Amino acid sequence: MTTETTITFTIDGQTIEGRAGQSIMDAADQAGIYIPRLCDVEGLHPQGSCRVCTVKANGRSTASCTQPIEEGLEVENETRELRNYRRDLVRMLFHEGNHLCPICEASGNCELQAMAYRLGITQASKFPYLQPVRPLDASHPDIALDTNRCIRCGRCIRASKDIDGKHVFGYVGRGIEKQVGVNGSKLSKTNVSIEDYAISPDVCPVGCIIRKGEGFKTPIGARKYDQSIIGTDKKQPGN
Amino acid sequence: MTTDNQHDLITDICTRYGNDKGRMLDILTAVQERLRCIDETSMHTIADTIGCSRIEVEGVVTFYSFFSVERKGDITIRLCDDIVDRFAGMKEISMIFEEELGIKLGQTSDDGRFSIDHAACIGMCDQAPAALINDVVITSLTPESARDIAQKLKTGTPPQELLNSVGDGNNAHELIRAMVNNNIRRFGEVLFDDANTGKGLKQALHQSPQDIIEQVIESGLRGCGGAGFPTGRKWSMAANTPATERYVICNADEGEPGTFKDRVLLTERAELVIEGMTIAARAIASTQGIIYLRGEYAYLKPYLEACLQSQRDSNFLGKNIGNVDGFDFDIRIQLGAGAYICGEESSLISSCEGLRGEPKNRPPYPVEKGYLDCPTLVNNVETFACIARIIERGAQWFNSIGTDDSSGTKLISISGDCDRPGVYELPYGTTVHELLKLAGAEQAAAVQVGGPSGQMIDPTAYGRKICFEDLPTGGAIIVFGSHRNILEIVEYYLDFFISESCGYCTPCRVGNVFLKERIGKIRKGFAELMDLDYLRELSNTVIQTSRCGLGQTSPKPVISSMDNFPLVYSALLKEHPDGMRASFDIQKTLEESRHLAKRRSHIFDTSYDN
């Protein structure tokens, strides 16, 4: 289609314009409004799995990364109710894995940790810790996987498949046993390379994919989210 | 088997399915059946042969419970672990199998002959406890019959020869020969009224697609699988989406614990279902259909194949159906492989495409973009059977049965603590009380309407009506007597959702585990009032943020039991005037310290005096 239809809708009362076919999140990003997210990242197909980007669209909750905009749609984003849902979801992600921020190399660059700070998760959690036993795969010379920290966002899967054209990663198992597997008995048996986009620091939001030999290049305190709260560096309207 | 032989066997299987990645489920089913597992080598061979990555194959293998990476026994015994089966004595049956075969649940014998596993509801609640031995269904197990079966299996009797008798109706058909019973207790005026007539389709041949859709709309028919979406609207959306191909899929993945009515329909009214699908094909201009048959009902497959063939032979399927030029439609059967989530229509489509049975993002809806990205109509078995009758006897006739917003009859599967479990065809609007009277369960202490994703009601609500305006249900009614433990049921249902969640989205994957943990805490007597608030808040998050119907309904056993059986909860909650948390047992906690320090506590051991 060559003609672009403009769609007008609101987020928390503010009028926004977007293009037909755009998701609520994309339109919000374009307008400089941040909707919290973890599994979605620019450049990859939205997946709608972490549910942190849940908004209310005409009163119904939905994932904003996959929900298309509609004329006159009333979207709620920064409300107490949604903040509570998002807190619960982020907590669930912490509790299903083993996240030890003080000893994690990703601390300060970690989107999960940053999201917790943004949402004001500072107190002891009401949820139980599942403390799963998860493997570490350090078989590859350049890359290690600490699956204790994996949040099943699937960003590496999509990056490897859609950008690198490789299928290094894929989901295996189901339910609480669902995890990201590699295309071989271990990582060194796959055709992964440190040059892959899937391995770049932009893809894994937590400290699961580790680039060997690069740890602590940026000191704690000078890292991405040490400087600013996640979501406060959004592009300006119109970009 | 040598590596070469295994390789040839697998490539032969792949060839049989055209080396088509979309037929992955069929390929894996065949490999699992022959090799009793899909190991690393097999996954590689399959991936290489059909042209995908090994991790994709592993993703599918590890998704479905009927596939396994580890080798399973030549004879795999799947004991139905539904709550109704548990209450009917499955634990004892399970111990007998374990004892006789010398292996524990989840294990495979060293000689590779036997495995014992649990299965989620296998659709035999009215004849529980039941089990699947390979594809053979064994019903109404007793400790004696279980021991007898196990001993016969040990001496080499093949599963098919274990049957001493066959069930009623078509269960005795030579292509079925199952000991399953239909247990049809009430024959209603729509589905069980008459045998398969073929009249509906004959009428439809002379009607325009638009006319057919209008009749379906006028009939007021709503989806019989549980969600109750107006069928006519669904059809018109599928028909109005521009496309060169459209698909008609029959959802025969009846997996809601306590439901078994589709099994009976497929056994007794298969032609009616096929007829309904063919009418749908005419209405939306489709040339290809699929019956997605749950893996647990594999024993019905040969019979259904024969029904399809006989429809082809009578020119009711195939090319130029009913001699109408250009009306071509055929149906294939897609066997599932053990995944409740595949009853959700977009997951079912994923599964038909040979993928992990995960729901797709919506929009687009399946009617716009479904199977192979084409507009796809997915309806329940019962819905298609109703269609055939509606076209045969008219929309008004159908609409006159039932209530204002729920037309027609509903097939109800009743099981649990009742005298006459089975299938009842009743008009919408029947009260729970009437239902319980028919089934011989007037003393019921609790009734689960609509299976675990429905609600648990107490005797004060038995005047409520089964219909979309009041108590909607896909057809499962499970009766519990006063001797049953409500929280055991709730905990079981959460276990069910935990093991059947696809794990795609966070709230359903993790939230259900948390819900179960807290119900367990309450059952142990470690909970206090604030735990009820916790359960409500967590349930709400799971309902509001889950991606598909599974997570949006999985907390319902918790919510409805809290709403309708508050005393059950309050009886177990603890109050602690000393300000200690109920979950915290100071004496238990101190015990380890006492042991390590080899002395007692000055503060907490009041008898301490030296």
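Below, chain A is the first sequence line, B the second, and so on; all start at residue 1. Please read all numbers here as calculations on a predicted model, not as lab measurements.
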Atom pairs (donor, acceptor) spanning chain B and chain A, under 3.5 Å:
| residue | atom | partner | partner atom | Å |
| --- | --- | --- | --- | --- |
| Arg54(B) | N | Asn183(A) | OD1 | 3.2 |
| Arg54(B) | NH2 | Val182(A) | O | 2.8 |
| Arg54(B) | NH2 | Gly184(A) | O | 3.4 |
| Ile55(B) | N | Asn183(A) | OD1 | 2.7 |
| Thr62(B) | OG1 | Gly173(A) | N | 2.7 |
| Phe63(B) | O | Arg174(A) | NH1 | 2.9 |
| Gly338(B) | O | Arg174(A) | NH1 | 3.2 |
| Arg356(B) | NH1 | Tyr171(A) | O | 3.4 |
| Arg356(B) | NH1 | Gly173(A) | O | 3.1 |
| Arg356(B) | NH2 | Gly173(A) | O | 2.6 |
| Glu358(B) | OE2 | Lys178(A) | NZ | 2.8 |
| Asn361(B) | ND2 | Gln47(A) | O | 3.4 |
| Ser499(B) | O | Arg174(A) | NE | 3.1 |
| Ser499(B) | O | Arg174(A) | NH2 | 3.3 |
| Glu500(B) | OE1 | Arg174(A) | NH2 | 3.1 |
| Glu500(B) | OE2 | Arg174(A) | NH2 | 3.3 |
| Ser501(B) | O | Gly175(A) | N | 2.9 |
| Cys502(B) | O | Gly175(A) | N | 3.2 |
| Tyr504(B) | OH | Gln47(A) | O | 2.7 |
| Thr506(B) | N | Ser49(A) | O | 3.1 |
| Thr506(B) | OG1 | Cys50(A) | O | 3.1 |
| Arg509(B) | NE | Glu96(A) | OE1 | 3.1 |
| Arg509(B) | NE | Glu96(A) | OE2 | 3.3 |
| Arg509(B) | NH2 | Glu96(A) | OE2 | 2.6 |
| Asn540(B) | ND2 | Tyr85(A) | OH | 3.3 |
| Thr541(B) | OG1 | Asp88(A) | OD2 | 2.6 |
| Gln544(B) | O | Ser61(A) | OG | 2.6 |
| Gln544(B) | OE1 | Ser61(A) | OG | 2.8 |
| Thr545(B) | O | Arg51(A) | NE | 2.8 |

Item to complete: Give the minimum heavy-atom separation between Cys50(A) and Pro507(B), together with the two atoms involved.
Response: O-CD, 4.5 Å

Worksheet entry | Winner by heavy-atom pair count (cut-off under 4.5 Å) against chain B, out of Val52(A), Leu82(A), Leu130(A), Ile151(A) | Leu130(A)

Discussion item. Do Val510(B) and Leu93(A) have side chains that approach each other closer than 4.5 Å (heavy atoms only, starting at C-beta)?
Written reply: no

Worksheet item: Among Gly154(A), Gly181(A), Pro128(A), Cys39(A), which has the most heavy-atom pairs under 4.5 Å with chain B?
Response: Pro128(A)

Fill in: Pairs of heavy atoms under 4.5 Å with chain A: top-ranked of Pro363(B), Gly511(B), Gly503(B), Cys508(B)
Gly503(B)

Fill in: Side chain / backbone / both / neither for Val182(A) at chain B, heavy atoms under 4.5 Å
backbone

Discussion item. If we define contacts as heavy-atom pairs under 4.5 Å, which of Gly59(B), Cys52(B), Ala47(B), Gly357(B) has the most with chain A?
Written reply: Gly59(B)

Worksheet item: Going through the distances and angles, do Ile55(B) and Val172(A) end up as a side chain to side chain contact (heavy atoms under 4.5 Å, CB included)?
Response: CA-CA 8 Å; Ile55(B) 190 72; Val172(A) 295; 3.9 Å; yes

